[in-house]
Amino acid sequence: MMEREFDVNPTRSKSTGLPRKRFYRARAHSNPLSDSHFPVPIAPSQVDYPSHYPEIFSPLDRVDGLRKIEFADIGCGFGGLLISLATLFPETLMIGMELRDKVTEYVKERILALRTGNPGQYQNISVVRTNSMKYIPNYFEKGQLKKMFFLFPDPHFKEKNHRRRVISPHLLDEYAYALAVGGIIYTITDVEELGEWMKSCLESHPMFEALTVQELEDDPVVKLLSTATEEGQKVARNGGQTYQAVYRRISGPIH
Amino acid sequence: MEDTNIDDSGDKIREKEIAPALIAVHPTHQSVAVAVGSDLRVFNIQEGCAVTLVDENDVAERKPSTNLHKDSIRAIRYGANGKLFVSAGDDKLVKIWATDSWHCISTVESEKRVSAVALSSDGSFVCYADKFGVVYVVDTEGFSGKQTSNNKKGTPILSHYCSIITSLEFSPDGRFIISADRDFKIRVTVFPKNPLDGAHEIQSFCLGHTEFVSCLAFVCSQDYPQGLLVSGSGDSTVRMWDFISGSLLDTCVVGNEAGFLESDGKEDECLPAVTDLCATNDGSLVAVALQSFPGIILLSCNICARSLSVLQVISISEEAFIPTSLGSASIEQFLWMVMGVSSLRSSDSISLARVRVLSGFCKSSIATVEYKASILDDKDIPGGESILQKLQGTLSIQKQVFSSAAEAVKTAMRNLLIKKQYSADKREYRKRGRNDRKNKHR
C-alpha cells in the first residue's frame, strides 16, 4: 500500500518516503521587510497547537496550562536541526519558523513522512511559515522559550541591509522577551563578518551573557549546530570555517 | 476587490500625502495648539491672544516664520508639566518649544519621517518614533530659553521591526513607554533610568486588536494611580488592557454604536476605524473619535470593574463634523476637537480646520441623574471667536467641504496603515515592475 503511494508521488523518495529537496527549490534569500500575506495568530493563546502536534493535543484541548513550545528554530531552512533535536529532547515541543513558502512546505512534508515512518516519534516538532522578525510576540509569551536557534542566517553584507539581519540590537530585545531567564540563544554562521556582528550584538546586550567554554562542551546541542543542518553540512563538505556565539538570557538590569 | 488603476493611485499618494489636522491642549488650559499640514497655530487662552512662534534658526536663514515645518505635521504634544511642547512630522524635524516664550529651543533632525512623539512625565526626555518603527530619545537637559543645540540627534532606544508606529505614550508613573504600531501590536517597554543606553526590557505586548492600532490613552484614578491602558484601532474597537501583564480586560465595539446611528447601509464593507481617544483626568470617561461618524462617543470607564461601556453618543448633525483629533486639559471640563486635512485634493493646497468644544467632559456630571455634555456654540467656546479665527484660519467654512475632507482623511489613513492586498496576478505584475529587476535587465 505504502509503496504504491510513493510511486505515484515523484516528489518523494522511493526508499525512505521522505520528500526530495530538489522539488522544493527556493531562492536563498527572502526580503524580511516586505509586507507579508500569510495568516498570523493574533496572540500566543491563539496558536493552533492541535494542528501542529496532533498526537499530543486533541482538538478540544485548551492550550492554556498545557505544554507549550520551548524551542524555536528561527529560519529553520530545511529542518535538519529540528529533526535531530526531536529525538534528543522527545518531551520538548519545538517549532521551526521559516519565511520561504516552498521551504516550509518541504519541512512540513518531511516531518509528516518521518512521523509515518517512525510511529510515536517526531510528534514534538512542527514548522510554520512566518516572518519571525515581525511576529515572535504573536507566537510566544514572555519567557516561554528555553532555547532559540539562529543557524546560518542570511548575512546581508551591504551596510544598507544590515537592518535586515535577524540578529540585531533591537531584535535581541524581543528574543530576550520570549526567552526565559536561563534560556539559551545559539547562533552560528560561516561568514566571519556576520559572526563578529552577532557576537558583538549579543555581547553588548545587557540581558545576555556568554556561556563558558566548559558549558559549551557540556551542552549536547552545541555539537549539532555545525553538523545537523543542511547549511552546516555544506560548509563542512567545502572545508569552511564556522563562527558560533552561544549566550544565556540573564535577568535585566535592576531598575 | 481593487480597482484596476491601483498603480496610478499609489503613485499619486506618494506625491502628496494628506495629513489629518491635530489638536493639543495645555495641561492647565493655558493654550491650545492646532496643526494643519505644515502650519502650526497656537492660541493663548489665558491672555486671549494668538501666539507667534519664533524659531531663531529660521530667522537667521531669512525664511518666512509662518511655515516653521516644511511638510505635514504628524504629531504635536505638550509635556505633562506644560513647560515644553513638541511638534514633528513629514519634514523629518522634531521641534521642541518652550511654552512660556514660544521659542523653538531645539530642532532635532530625524533620519526618517516622524509619526509620533511623547514627553517623559518629568519632561527630561523627548521620544519620537519614525515611520520605520524606531523610537528615539532626546535628552532635554541643558535646553535653556535660547536655542542651544540645533544639531542634536536622537538616540535609538527600541524598534518595532519595520512597522509604522502610530502612537507613543508614557505610563502615568513614567516607568514604561508604550508604542503602538500598524501591525496590531502594542509594546510596553521599561523606560530605563538612562534611556540613552537603549530600552531593552520589554514588559509586555498587548495583543488582541485585529487591525492597526491608531491611538493610546491612559485611564487612572486616585485609587489606581498606575492606571490602565486603553487603545483604539482600525478594527473599530476600543480595548482596555492591564499593560503590566499585557492581558486584555475589556473590548468595546464602538463601530456598532455609530453604525446604528447612521443606518444608511453604507458601513457594510468594514467598520469605521477609531481615530483618536481622550480620557478625563480621573479616568472615568473616554471620548472616542470614529472615522465617518459626525460627533463623539463617550465611554464610561470603570477602573475597579475593569470595564468599558458606551455612555453617550453625541452626534453633531448641523455640519458633518468628524473629529480627526481630540485634546483636553486635566483641570478643565472641556473636550477640544478638531476636524481637518492638510489639503482637500492631492493637487491643491486648500486646507481645512474646524474646531469644536464639548463642555461637561467630566465625572461629576455623571453622578447627577442626567449627564449633561453639550457641544458649545462658536461664541461660547473659551477664547471666543478670536480663537477660532486663529486655529481655523477663518470663521466661515462651507458645509460641503466637510464631506470631502472626511473622505480624504479616511483614504489617507487607509493607504497609510492598511496593508494592500493584491491578487496573485497583480502581485506578479507588480514584481515585473520592480526597480531592482529593471536595472538587472539593462
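Throughout, a chain's letter reflects where its sequence line sits, starting with A, and its residues are numbered from 1. Because the structure is predicted, anything quoted here is derived from the model rather than measured.
- Neither the backbone nor the side chain of Asn131(A) has a heavy atom closer than 4.5 Å to any heavy atom of chain B.
- Only the backbone of Ile157(B) comes within contact range of chain A, judged by heavy atoms closer than 4.5 Å.
- Looking at Glu174(A), the atoms closer than 4.5 Å to chain B (heavy atoms on both sides) sit in the backbone and in the side chain alike.
- Between Arg187(B) and Asp173(A), at least one side-chain N (NZ, or NE/NH1/NH2) sits under 4.0 Å from a carboxylate O, which counts as a salt bridge.
- Most heavy-atom pairs under 4.5 Å with chain A: of the set Arg175(B), Gln203(B), His209(B), this distinction falls to Gln203(B).
- Heavy atoms of Ile42(A) lying under 4.5 Å from chain B belong to its backbone as well as its side chain.
- Atom CG of Asp181(B) is separated from atom NZ of Lys134(A) by 9.0 Å, given to the nearest 0.5 angstrom.
- The contact between Phe184(B) and chain A is made entirely by side chain atoms (from C-beta outward), counting heavy-atom distances below 4.5 Å.
- Looking only at distances, no side-chain donor or acceptor of Lys185(B) sits under 3.5 Å from a matching main-chain atom of Tyr135(A).
- Contacts of Lys142(A) with chain B are made by side-chain atoms alone, with heavy-atom separations under 4.5 Å and no backbone atom involved.
- A heavy-atom distance below 4.5 Å is found between the side chains of Pro44(A) and Leu207(B).
- Counting heavy atoms of neighbouring residues, nucleotides and ligands inside a 6.0 Å radius, atom CD of Gln226(B) exceeds 12 of them.
- Contact annotation: the side chain of Tyr161(B) approaches that of Arg164(A) to within less than 4.5 Å [non-hydrogen atoms, C-beta and beyond].
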Item to complete: Decide side-chain contact (heavy atoms from CB on, under 4.5 Å) for Arg163(A) and Cys162(B); before the verdict, give the C-alpha distance in whole Å, the side-chain angles of both, and the deciding distance to 0.1 Å.
Response: CA-CA 9 Å; Arg163(A) 66 199 179 102; Cys162(B) 212; 4.2 Å; yes

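- Atom CD of residue Glu201(B) and atom OG of residue Ser251(A) lie 8.5 Å apart, to the nearest 0.5 angstrom.
- Side-chain contact between His170(A) and Pro156(B): present, with at least one pair of heavy atoms (C-beta onward) separated by less than 4.5 Å.
- With a threshold of 4.5 angstrom between heavy atoms, Ser204(B) approaches chain A through N, CA, C or O but not through any side-chain atom.
- Around atom NZ of Lys147(A), more than 12 heavy atoms belonging to other residues, nucleotides or ligands sit under 6.0 Å away.
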